[in-house]
Amino acid sequence: MKKIENKKASQIRQIWALVRKSTFIKLGVSIMILFGIMAVFSPIWIHINPEVYDPIIGADPNVHGSVGPSLQHPLGTDDIGKDLFSQLLRGSQVAFMLGMMVSVFSTIIGAAIGLIAGYYGKIWDTLLMRLADIILTLPRLPLLIVISGIFGTQSNWIILLILSLTFWPIISRVIRAQTLSLRERPFIESARVSGVGNTRIIVKHLAPNVLPIAFYYLTVTVTGAILVEAGLSFLGFGDPSNMSWGMMLQWCFVKGYVFKAPYWMIPPGLCISLLAFSFYLIGVGLEEMVNPRLKKR
Amino acid sequence: MEMLNIEHLTKLFPLKKKLFSRDQQYVHAVDDISFKIEKGKILGLVGESGCGKTTTAKLLVRLLKPTSGKIYIGGEDIAGLKEENLKKFRKNIQMIFQDPYESLNPRLTIHSTIAEPLIAQGLYNLEKIHDALEVVGLKPPEGFLYRYPHELSGGQRQRVAIARALVIDPIFVVADEPTSMLDVSIRAGVLNLMLALRKSFDLTVLFVTHDLAVARYMCDDIAVMHNGKIVETGNAEEVIRNPKHSYTKALLSAVPIPDPRAKRERIRIRGKVV
C-alpha cells in the first residue's frame with residue numbers, strides 16, 4: 001500500500017509544480033489567501049470588544065452618525081455606530097462559505113446530471129437537458145427574487161439552495177458533452193466487456209475523466225455565486241440575521257451615504273470584485289492546464 | 001465439439017432518413033454470416049477495412065445487439081439476451097481490443113484495470129492478478145501493479161489488456177487486431193504470447209486481422225470476409241495456398257513479395273465497400 005501513497009504524493013508534487021508555473025493561479029491564490037485571513041480574523045476582532053465590534057448587535061455608544069476611519073474603527077462606522085471593519089470581515093466569511101458551497105453543490109449536481117444524461121442518452125438525455133435549458137433560459141435574478149419572496153423569511157441556506165439549483169445547468173451541459181465523447185472510447189467498451197455495471201462505469205471510469213473540467217467550472221461558479229449573492233443582498237433579499245458585503249452596500253445606499261461616506265461604500269465593493277476576480281484567475285489558470293491548446297509556447 | 005456456433009448473424013445500421021422519404025435504408029454491416037469454431041481452435045477472420053470484421057467481433061461479445069441471427073456459446077444462445085442477463089456470460093467471453101493506447105483507462109492503475117472483471121464477478125483476489133501479470137510476462141508483478149498506463153510501452157499495455165481478458169479464465173476470447181497498433185519489433189512477442197496462452201488456457205479464439213501473414217501464423221482456420229459476407233472458409237494453410245474465391249485471390253495478390261524487383265500481378269476488386 002505504501003506504493004500507492006508514494007504515487008499520490010508524487011502526483012500532488014507534479015500538480016504543484018504546474019500550479020507554481022502559472023502566474024494567474026499564483027495571483028488568484030494570493031488574493032484568496034488574503035480574504036481567507038480576513039475570514040479567520042473576524043472572530044478575533046469581535047473578541048476584542050464584542051459589545052462594540054459585533055457586526056450584527058454591537059454598536060459604539062460614543063459615536064453619533066457615520067464617522068470616518070479612526071484608530072478604534074479602522075474603516076469608520078455606519079450611521080448608528082456599528083463598526084464597518086467588523087462587517088467587512090464577517091462579509092468575507094459569508095462570501096467564502098456561500099461561494100464555495102454553492103459551487104461545490106452545483107458542480108456535484110451538474111456533474112451527476114451531465115454524466116447520467118450523456119451516458120444513458122435517449123429519454124434521459126432529452127428530459128434532463130430540456131430541464132437544464134428551461135432553467136438556463138429563465139432570468140436568474142428575477143427568479144431568485146420571486147422564490148425568496150415565496151419563502152418569506154430569508155436565510156443563507158435558502159439562498160444557497162436557490163443558487164445551487166440555478167447554477168447546475170451550465171456545468172451539466174459541459175459534462176454531458178465530455179461524457180458523450182468519452183462514452184465511445186474503447187476503454188469504456190472494454191469495461192463493459194469486463195462485465196462492469198453501468199453505475200460503476202459512470203463512477204469509476206467516466207467521473208475521474210471529467211474531473212479536471214468539473215474543477216475548472218467549480219471556480220467559475222464561485223465567481224458567479226459571490227456576485228449573485230451580493231446582488232440579492234443589495235436588493236434587500238439577503239439574510240437579515242447575518243452581514244454580507246452586498247448588505248453593507250445596501251445599507252449604505254438605503255441610508256443615503258453613497259456620496260457622503262466613501263469609507264463605507266468602497267471597501268465592500270472592492271472586496272466583491274477582488275474575490276470574484278481571484279476565483280476567475282484561478283479558473284483561467286486551470287483552463288490553461290486542462291486545455292493544452294491555450295498554453296503559451 | 002463446437003465452442004462457438006454462429007447462425008445467420010446480421011447487423012443493420014439504419015441510415016439517416018431523407019426528408020419526406022418513407023423507406024428506411026440500412027447499411028448491411030454484417031450480412032447473414034454463419035461459422036463455427038471448435039473448442040481450442042483459433043479462427044482468423046480476415047478482410048479489408050470496413051468489411052465488417054470489427055462489427056462481428058463486437059456482436060460476439062455483445063457490445064452490439066444483433067439485428068437477427070443466433071450466437072451459441074457452449075450451447076447457449078446469447079444473441080437475444082438483455083443487458084441485465086449478460087453479466088453471467090461475460091465471465092466466459094472476453095475481448096482484446098485493437099489499440100492498447102485507447103483500451104486502458106488512463107486514470108486507473110494496472111491493478112485496478114485488471115481487477116475490474118474480477119470485481120464485476122465478485123471474485124476479487126490479489127493472487128489472481130499477480131498470476132495474470134506473470135502469465136503475460138510482466139515480471140515482477142509488484143513492479144507493475146501500481147503503475148499507470150502512460151508509464152508503459154505499447155507492448156506492455158497490450159500485455160496488460162491480455163491479462164485483463166484472461167484473469168477470470170474465459171473459455172472464448174475475441175481478439176480484434178491485437179497487434180496492428182504495435183511496433184513490428186514487438187509484434188511477434190505478443191503473437192507468440194497469445195499462442196502460448198491459448199495452449200495453457202485451452203482457449204478458443206476468434207482472431208480478427210487484416211494481415212494475412214499474421215493470420216497464417218496464428219490461425220488453424222481462416223474465414224474471409226467481404227462486404228459483410230463470409231466468402232470463403234477453410235484450413236488456414238489451404239486457403240492461403242489455394243484460394244477458391246476471387247476475392248481471396250485478390251486479397252492475396254495485394255501481399256507484397258519480399259523482393260524489390262519482383263512484381264506480382266495485382267487483381268483489382270470489384271464491388272464497393274460502403
Side-chain angles (χ1 to χ4, degrees), chain A residues 1-15 18 111 115-116 118-124 175 178-216 289-292, chain B residues 54 57-58 60-64 83-84 86-123 126 142-149 151 157 160-161 164-165 167-168 170 173-174 176 181:
Chain A
M1 289 297 113
K2 202 158 194 181
K3 275 235 163 80
I4 305 182
E5 280 161 29
N6 285 343
K7 273 268 132 68
K8 284 264 149 70
S10 81
Q11 262 187 332
I12 290 169
R13 259 201 298 280
Q14 274 177 14
I15 293 171
L18 274 173
L115 282 168
I116 289 171
Y119 181 70
Y120 287 107
K122 291 178 189 160
I123 185 79
W124 287 106
I175 299 284
Q178 276 281 311
T179 311
L180 281 180
S181 82
L182 280 174
R183 185 177 70 169
E184 304 297 328
R185 297 270 297 273
F187 70 82
I188 298 297
E189 284 186 333
S190 53
R192 279 176 59 202
V193 172
S194 297
V196 183
N198 286 333
T199 323
R200 192 174 162 85
I201 284 182
I202 291 179
V203 174
K204 191 112 198 227
H205 294 262
L206 287 172
N209 282 294
V210 298
L211 210 65
I213 295 258
F215 200 70
Y216 161 65
M289 280 163 60
V290 173
N291 188 349
Chain B
T54 299
K58 285 186 177 175
L60 293 196
V61 297
R62 277 301 311 275
L63 274 173
L64 294 172
E83 191 68 44
E84 306 90 78
L86 276 172
K87 201 167 178 177
K88 187 179 58 137
F89 119 90
R90 292 229 186 268
K91 190 193 171 315
N92 293 334
I93 175 161
Q94 286 291 315
M95 181 161 172
I96 298 162
F97 286 82
Q98 182 172 12
D99 187 351
Y101 289 86
E102 281 281 322
S103 69
L104 303 177
N105 189 337
R107 299 202 178 258
L108 291 187
T109 57
I110 303 310
H111 165 263
S112 310
T113 297
I114 300 180
E116 282 298 84
L118 291 173
I119 293 171
Q121 301 293 341
L123 297 169
L126 191 60
E142 298 82 19
F144 288 94
L145 276 182
Y146 299 111
R147 292 219 200 156
Y148 286 87
E151 298 171 55
R157 286 182 204 212
V160 170
R164 168 176 60 190
V167 73
I168 48 169
V173 169
V174 176
D176 184 10
M181 296 303 229

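Each chain gets a letter, A, B and so on, in the order the sequences are listed, and its residues count up from 1.
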Rounded to the nearest 0.5 Å, how far apart are [atom1] of [X] and [atom2] of [Y]?
X	Y	atom1	atom2	answer
A:Lys204	B:Asn105	NZ	CG	9.0 Å
B:Leu64	A:Glu189	CG	CD	7.5 Å
A:Phe187	B:Glu116	CZ	CD	11.5 Å
A:Arg192	B:Arg90	CZ	CZ	7.0 Å
A:Arg185	B:Leu104	CZ	CG	11.0 Å
B:Glu102	A:Ile188	CD	CD1	10.5 Å

Any idea which heavy atoms bring [X] and [Y] closest together, and the distance?
X	Y	result
B:Phe97	A:Val193	CZ-CG2, 4.1 Å
B:Lys87	A:Gly195	CE-O, 3.7 Å
B:Ala120	A:Val196	CB-N, 4.0 Å

Among the listed options B:Leu86, B:Leu118, B:Leu108, B:Val61, the residue most often paired with chain A at heavy-atom distances under 4.5 Å: B:Leu108

Top residue by heavy-atom pair count (under 4.5 Å) with chain A, among B:Ile119, B:Ile96, B:Val174, B:Val167?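 Ranked by contacts with chain A, first place is B:Ile119.
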
Please check this pair: side chain of B:Arg164 against backbone of A:Ala191, looking for a donor-acceptor N/O pair closer than 3.5 Å. no

